[in-house]
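All values reported here derive from a predicted model rather than from experimental measurement. Values below: every heavy atom of this structure, side chains too, minus hydrogens, waters and symmetry copies. A, B, ... follow the sequence lines: proteins, then strands. Residue 1 opens every chain.
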Amino acid sequence: MHYARPLAQLVSELERLPGVGPKSAQRMAFHLLRQPQEDARRLAEAIMSVKESIRLCAECSNFTDQELCEVCRDTRRDRALLCVVAETRDLIAMEKTGEYKGMYHVLQGLLSPMENITPDLLKIRELFPRVAGGVQEVILALNPTAEGQTTALYLASRLKPLGIRVTQIAHGLPAGGDMEYADQATLISALQWRREV
Amino acid sequence: MPSYTTEALVLQRRNAGENDRILTLLTRQHGKLSASAKGASKAGSRLSGATEPFTRVRLLLATGRSTDIISQCEIVRSYPVLRTDIGRIARASYWCELLASLLHDRDATETEAVFDLAAAALNLLEREAVWPDAPLHGAELRLLEITGYAPVLHQCAICGASLSTEDASGFSPALGGTLCHTHAPQEPGALVLTAQCIALLQTIETAGASTLCSIAPPQGVRNAVNRALREFVRYHLGRSMGSADFLESIRGTEA
């Protein structure tokens, strides 16, 4: 069974999206085909608008549609605190806590020596002028993975000689978690990051 | 679906789809192989911690059509000290990439010896060493020997003449090792190595753990030995490893 050429092209493009296999791509394509012309146009315009208007914030490398992102434009935030995250979605997760009122720096990835993701491919160089501008503490909020830890240790090794306080968010059991079902690596991490009560 | 248990070291990990991970494992019984960890990328998955690189695990694997699937997983050792220092994590990354690059899938040659060497090297990388590259190079030379790529360090790789360290003056990755005074200048790709560097390589080749952790050569000798082995591995792999470049940049800040 062959699709008409435009339909085949749509299925092929949708298949390239993360987590979308051939069956899902086919289902989405037929769904779009059945939608009114206006709905399909809105979707196409939304995709093009994102590609044309979204860029990296000149200060923190967050995604934004202006020169500076919303966080960097906010004058009420504490500029002495800088939280380093890997991706914009990590920044959003931190913002949802409502607890953090400092600034951010988005690396746009994590170091992975084995996959050739080196410091020059990330927004690491851009971090140092920011730190020199009155930052007192850098909080490393990176995933507790080999890549996250490599990045955290790399940044700490370069920031600490500058006399900056460098901290890392705790790793361990999740809120509401059950110790019985935690894996050993998480429990080991929780033990290492324990604190006095 | 038949299943089997094995002990393994997680060498590499990559995400597959939204929630799965494909691991490169070094197993005790079956050598290097790939396995799928279903759902390991999901938050709260019991497989997520055990599927991190530099972790020693005990696995129950189901035989799949192309890739085996991890059914159960238990951490034997997570090498926590490796994750506390950029030099240690860079060397562990290099070691795991070297194992993944040099070994062939399901090659049953000396699997137990390779597994024990790989695990012992990670143990040693957690220990304090005067020159942290010495334990790494010790394991590297032993792995090259097991896989049949060991460099010649006691003879001239061209004329075969037995060399005392005073006679040696070059090292050629392409020709397989040290060169004598006569042949070193004739080989365009040869690296110039002092007698002290060659003596150090010979020591590292046979030294035990405590010696490897206490060797303290001068910085110039360290740099030359690092370069010789790096070029040797690059020549035999036919490519430069990403973790080798990263380790080199870290060494620059340690000096």
Would you mind checking which part of T84(B) comes under 4.5 Å of any heavy atom in chain A, side chain (CB onward), backbone (N, CA, C, O), both or neither? backbone

For D85(B), which atoms come within 4.5 Å of any heavy atom of chain A: side chain, backbone, both, or neither? backbone

List the atom of A146(A), the atom of R13(B), and the distance in Å for their closest heavy-atom pair. N-NH2, 4.0 Å

Region of F54(B) that comes under 4.5 Å of a non-hydrogen atom in chain A: side chain

Whatever's closer than 4.5 Å to a heavy atom in chain B on T145(A) counts as both

Checked P18(A), S112(A), S189(A), S157(A) vs chain B; the most non-hydrogen pairs under 4.5 Å come from P18(A)

At a heavy-atom separation under 4.5 Å, does T55(B) approach chain A through its side chain, its backbone, both, or neither? neither

Atom CD1 of I75(B) and atom OG1 of T186(A): how far apart are they, to the nearest 0.5 Å? 7.5 Å

Checking I89(B) against chain A: side chain, backbone, both or neither under 4.5 Å from a heavy atom? side chain

Nearest 0.5 angstrom please: Q192(A) CD to R83(B) CZ, how far? 9.5 Å

Can you give me the closest heavy-atom contact between I86(B) and Y154(A), atom names plus distance? CD1-N, 3.5 Å

E70(A), CD atom: more than 12 neighbouring heavy atoms under 6.0 Å: no

Please state whether the side chain, the backbone, both or neither of L11(B) comes within less than 4.5 Å of a heavy atom of chain A. backbone

Side chain, backbone, both or neither: which part of I117(A) has a heavy atom under 4.5 Å from chain B? neither

Is it the case that more than 12 heavy atoms not belonging to E38(A) sit under 6.0 Å from its CD atom? yes

Go through the atoms of E52(B) and report whether side chain, backbone, both or neither lie under 4.5 Å from a heavy atom of chain A. side chain

Between P53(B) and M114(A), what is the shortest heavy-atom contact and its length? CB-CE, 4.4 Å

For T253(B) versus R158(A), what's the shortest heavy-atom pair and its separation? CG2-NH2, 2.8 Å

